[in-house]
*Asks:* 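Got a structure here, written out as structure tokens. Questions coming.
Note on naming: letters A, B, ... go to the chains in the order of the sequence lines (proteins, then strands), and numbering restarts at 1 for each one. Since this is a predicted model, take the numbers as computed values, not measurements.
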Number of protein chains: 2
Amino acid sequence: MSRIEYKNYDRFLLAVDCIIFGFDGNSLKALLIKRGFEPEKGKWSLMGGFAAQDESIDQAAGRILLNLTGLDQIYMEQLHCFGEVDRDPGGRVISLAYFALIKIDDSDGEKLEQHNAKWVDLRKLPALIFDHRQMIRLAKERLQQKVSNHPIGFELLPHKFTLQQLQALYEAVYETNFDKRNFTRKILSLGVLQRLDEKEKASSKKGAFYYVFDKKKYKRLESEGIKFI
Amino acid sequence: MSRIEYKNYDRFLLAVDCIIFGFDGNSLKALLIKRGFEPEKGKWSLMGGFAAQDESIDQAAGRILLNLTGLDQIYMEQLHCFGEVDRDPGGRVISLAYFALIKIDDSDGEKLEQHNAKWVDLRKLPALIFDHRQMIRLAKERLQQKVSNHPIGFELLPHKFTLQQLQALYEAVYETNFDKRNFTRKILSLGVLQRLDEKEKASSKKGAFYYVFDKKKYKRLESEGIKFI
DNA sequence: GCAAAAGTGTTGAGTTTACACCCATGT
DNA sequence: ACATGGGTGTAAACTCAACACTTTTGC
């Protein structure tokens, strides 16, 4: 049981890169940074960092996300491990990609500025270093899958939201349009939304009801992975 | 662009563990080995090995699978990276789990014996080292997902097979039973099966037609991830 | 009073499920 | 001739997609 059993094998640098999604009411965005060190300093990149011996990889991912956004305990999921030999010109680095869903308004603006971070429309990505574009593409596919049978879309919306905002989110994720009546009926039939008495009046004269999200019913559905859309 | 940029970060041993699924006509099986080295020597384990600097992680996974089964170019997919600090008492080892689907009869019996490998019914798993049981559970969930919208179930069957064998496979994967008529109709309606003139006569007097698998149509469906079951 | 977004039902098409009997053949 | 697994059709329930008008209210 000693720690010398495996001494003759190669060791690797282990990076964690975070695909951080947000939704601004219109389009789906990813949080990108201007890379602050070589190689590829100054280029657009995902937020990342290296894992350390004394933390689990999930902890490393959480640390890196906290570092950039100031946010803790947010939805985060391992996406894929990227391990091509030459993926990083700076060395043999294995990258673990994680994707996270955050509410744009919750993030810490100062921290974002410190890292030169910017929310970028997923349909208008700039050139990115290494295989980061591929990571984002894969994350987006995973998000689509996930959203279709888990209620994680709610992670991207403010606490209270209108049906129109929710629909806009789903439309952004799938890059398509839904029929308002069908969408409303389907979502409400799941019974995970709770209507408030309050209305959002900014975007219409009549005003649209706010909804929140019934955590108990949500949890029940989440386990069996109900079909959402 | 030099290779010294990252020198101050921790380095990790990177294991690759393979969840190898097979189907014997009745039940879904995983290929396990009796571990040949410390720690936990002699215990049941997944087949694994360490990644090397000069290979990609996918290559490492392929190498390890080839090593055990003698098989090349088989269906294999990265599952998840396991990175808890204390997952391996022999050291800080990050494990990349891959899952593979093979036809049991294709594998090299001698090689399997050399590794003390055994096909084990998924419903009757022995105690396994480390987090390997969790890996298998996750792989099984992924297999269910995958099989539902990709025609990968065929990877587990012999080249030609009867509808009954195919149904038995799906039933094993989902641990449920399907109605024969509904199953047949649905599968045939996809148009990826081609009926041969030949019949399998071993298990019935009338004989059941063999089918093979139309690769062209399969490829077309695979891309969009058609709904199978 | 009118512009602008909110809210709300129905119908037809297609899909899914449940269900049972005859067929071909080796013995 | 009979036992065994192979092969096939139909009807009811349900789900999904398409479609348009009335309501509210700030200006």
*Asks:* Given D:dT23, C:dG9, D:dG9, which nucleotide is nearest the side-chain atoms of A:R185?
*Replies:*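 Within the option list, the nearest is C:dG9.
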
*Asks:* Does any non-hydrogen side-chain atom of A:L46 lie less than 4.5 Å from one of A:I20?
*Replies:*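 Answer no - side chains too far apart.
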
*Asks:* Determine the contact category for B:K180: base if any of its heavy atoms lies under 4.0 Å from a base atom, sugar-phosphate if only primed atoms, P, OP1 or OP2 are that close, otherwise nothing.
*Replies:* base

*Asks:* Select from A:K199 and B:D179 the residue whose nearest nucleotide in DNA chain D is closer to the 5' end of that strand.
*Replies:* B:D179

*Asks:* How long is the line joining CD of B:Q167 and C1' of D:dG5, in whole Å?
*Replies:* 13 Å

*Asks:* Of the candidate nucleotides D:dT24, D:dG9, C:dT8, which contains the atom at the shortest distance from the side chain of A:R195?
*Replies:*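 Shortest atom-to-atom distance from the side chain points to C:dT8.
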
*Asks:* Roughly how many Å is it from CG in B:L163 to P in D:dG6, rounded to a whole number?
*Replies:* 10 Å

*Asks:* For the residue pair A:E110 and A:Q114, confirm or rule out a side-chain donor-acceptor distance under 3.5 Å.
*Replies:*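 No, no side-chain donor-acceptor contact under 3.5 Å.
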
*Asks:* Determine whether a donor-acceptor pair (N or O, by modelled atom type, separation under 3.5 Å) exists between the side chain of A:R133 and the backbone of A:P126.
*Replies:*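 Flag set: sc A:R133 to bb A:P126 pair under 3.5 Å.
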
*Asks:* Counting side-chain heavy atoms from C-beta on, which of C:dC19, D:dG7, C:dA5 comes nearest to B:N182?
*Replies:*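 Selected nucleotide: C:dC19.
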
*Asks:* What is the distance from OH of A:Y211 to C1' of C:dA6, rounded to the nearest Å?
*Replies:* 10 Å

*Asks:* How long is the line joining CZ of B:F178 and C1' of C:dC19, in whole Å?
*Replies:*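 From B:F178 CZ to C:dC19 C1': 17 Å.
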
*Asks:* Pick base, sugar-phosphate or nothing for B:S203, based on heavy-atom distances below 4.0 Å to the nucleic acid.
*Replies:* sugar-phosphate

*Asks:* Would you mind telling me which of C:dG26, D:dG5, C:dA18 lies closest to the side-chain atoms of B:K205?
*Replies:* C:dG26

*Asks:* If you apply the rule side chain to side chain donor-acceptor pair (under 3.5 Å), what do you find for B:E141 with B:Q145, and how did you get there?
*Replies:* CA-CA 6 Å; B:E141 286 169 16; B:Q145 263 182 37; over 6 Å; no

*Asks:* Is any side-chain heavy atom of B:L28 less than 4.5 Å from a side-chain heavy atom of B:L143?
*Replies:* yes

*Asks:* Quick one: A:Y210 OH to C:dA6 P, roughly how many Å, whole number?
*Replies:* 12 Å

*Asks:* Whole Å only: how far is the CD atom of B:E200 from the P atom of C:dG26?
*Replies:* 13 Å

*Asks:* Round to a whole Å and report the spacing from CZ of A:F209 to P of D:dT23.
*Replies:*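 Going from A:F209 (CZ) to D:dT23 (P), I get 16 Å.
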
*Asks:* Give a yes/no on whether any side-chain N or O of B:K201 is located under 4.0 angstrom from OP1 or OP2 of C:dG26.
*Replies:*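 Checking B:K201 against C:dG26: at least one side-chain N or O falls below 4.0 Å of OP1 or OP2.
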
*Asks:* How long is the line joining CZ of B:R181 and C1' of C:dT16, in whole Å?
*Replies:* 14 Å

